[in-house]
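To start, the structure itself, in C-alpha cells.
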Protein chains: 2
Amino acid sequence: MDAETDDIQRNKHPTRDIDPIDRKILGVLVEDATISYADLGERVGLSPPAAHERVKRLKRSGAIRATSAIIDPRAVKKPLLAFVHIDTRGWGKTPELMAVSKYPEVEEIHTVAGDTCVLLKVRTEDTRALEGLLGRLYDTPGVTSTRSYVVLSTYLERPVQPEITSEFPAPKHMANPMY
Amino acid sequence: MDAETDDIQRNKHPTRDIDPIDRKILGVLVEDATISYADLGERVGLSPPAAHERVKRLKRSGAIRATSAIIDPRAVKKPLLAFVHIDTRGWGKTPELMAVSKYPEVEEIHTVAGDTCVLLKVRTEDTRALEGLLGRLYDTPGVTSTRSYVVLSTYLERPVQPEITSEFPAPKHMANPMY
DNA sequence: CATAATGGCCGAATTAAATTCCGCAGCAAC
DNA sequence: GTTGCTGCGGAATTTAATTCGGCCATTATG
C-alpha cells in the first residue's frame, strides 16, 4: 500500500501537498467542471494529458470529492431557505437527530459551539412545509427547543473556494497571541 | 423571443415545468455530473441524444446553474466552519456588508428574519483567521454586534436535492390553517 | 561523484463520447 | 383531416478522453 492510499483509508489527506497548479485547477473546476482537458491544460499551463493526470490524482486523493450539478432551488420547488438551531438535553440525544438526514429538505447538519447543540440548514417549498418539519423535530426525543432563522434574501452562495487564504490581520488593539 | 428566453431575462423560471424524467436527470447529475449521456439515458430511460437534449434544456432554463467540482475544505486548508450572525443598525447599512463577498472565506451571505439582520457562512484556516475576519466585520459601518457559531462536527452537507418534497404533516394538535 | 530510480511531463495514437443531422411518431390547433 | 410543433431514436461525424512510450529533472543510492 502506498502512502496516498494509506492516508485515504485513515480519513486523512495525502502527504503530497497541493501545489499552485493544483490550486489553479481546483479554481477552474469549481467554476466549470465541464471544461475539456485541453482547455483546462491551457488555463494552467499544462498539456491535456498532464492536466488529466492532475485531476485524476486530485480525485483519488479526495481533494475533489465529487463533480455535481448545481440546481436552482426554485426550479425544484424549494424556494424557502431556513437555518434551524436546536437545543437538546445534552449531547446524548443528538444521534437520534441525525435521522432527519433522510429528508431531502435537510441540506446540512452540524453540531456547534454556542447556545445550541445542533444546527440545520433546510430548504422547503413554503412555510407550511417548514412548519411540518419543525413538528417532526419536536417529536424527536431530547429536543427541548428550536429557533429558526428564515432567509429573506440570499446575496451570495458558492462552493468551497480553493484560493489561497486571504490575510485577515487581527485588530490592532490586540497584542499578538502566543498561538 | 420565445417564452423560455423571456422568463430567463425576467429572472423567473420557464413555464415549462420539470417532469419526472427531468427530476430523475437532476438527481443523477447532482450525484455525479461526469456520467456519459449514454449511461444517463439508460438510467432515465432515454436514448443518448434525448438525454443530451434534456440536459441542454435544463441548463438553458437555469434549472442547472452550473456544474462544479466539490472540494474537500481540509484539502485547501479551510477546516474551520462557522456561522456568523450580524446585527446592524437597521437595513440601511447592509449594502456595505456585501463587500465581504470579496473574501473567498465567505461562502454565503443571507439576510434573515429573526433577531439578526445578516447571516454569513464562513470557512477559515483556524481561529486566528476567523478572529481577523470578525475584526474586519466590526470595521464595517453599521455593524453593532456579531454572534458566531463555530461548527464542531459536520454530519451532513449536500447540494440541493431535486427529489420530490416529502410530506411533513403539521402537528396533530393544530387545526388546519386557511392557507 | 556516478548512477539508478522515480515522478511528472509531452506528443502521437487509439478509443470513447459528444454532437449533429434527419426522419418519424404523438399531439394540439385549426 | 391537415398542418405545425415537439420530443425521440438511429446513424454519421466531429470532438474529446484516455492510453502509451519516451524524455527530462530531481532525488535516492552505491
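Numbers restart at 1 for each chain; the letters A, B, ... are given by sequence-line order, proteins then strands.
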If you check every side-chain atom of A/K56, which of C/dC10, D/dT19, C/dT20 has the closest atom?
D/dT19

The salt bridge (Lys or Arg N to Asp or Glu O under 4.0 Å) partners of A/K59 (sequence neighbours excluded) come to none

Is any NZ, NE, NH1 or NH2 atom of the basic residue among B/R123 and B/E157 found under 4.0 Å from an Asp or Glu carboxylate oxygen of the other?
yes

Specify the separation, in whole Å, of atom CZ of B/R54 and atom P of D/dT6.
14 Å

Is the phosphate of C/dG7 approached by A/R57 (side-chain N or O, under 4.0 Å from OP1 or OP2)?
no

Is it true that B/D87 and B/T116 share a donor-acceptor pair across their side chains at a distance under 3.5 Å?
no

Show, in sequence, the C-alpha distance, side-chain angles and deciding distance for A/H85 and A/Y149, and conclude whether the ring-ring contact (aromatic ring centres under 6.0 Å, His included) test is met.
CA-CA 8 Å; A/H85 293 235; A/Y149 294 92; 5.2 Å; yes

Between residues 24-37 of chain A and DNA chain C, which residues have a heavy-atom gap below 4.0 Å?
none

When the distance from NE2 of A/H52 to C1' of C/dG8 is rounded to whole Å, what number comes out?
15 Å

Measuring from the side chain of B/P49 (C-beta onward, heavy atoms only), which nucleotide among C/dC10, C/dT20, C/dG8 has the closest atom?
C/dT20

Using whole Å, what does the distance between atom P of nucleotide D/dT6 and atom CG of B/L46 come to?
18 Å

Ion pair present between A/R128 and A/D126, side-chain N to carboxylate O less than 4.0 angstrom?
no

Interatomic distance, B/E42 CD vs D/dG9 C1' [rounded to whole Å]:
15 Å

Student check: side-chain heavy atoms of A/E125 and A/K78 closer than 4.5 Å:
no

Rounding to a whole Å, what distance do you find between B/E53:CD and C/dT19:P?
12 Å

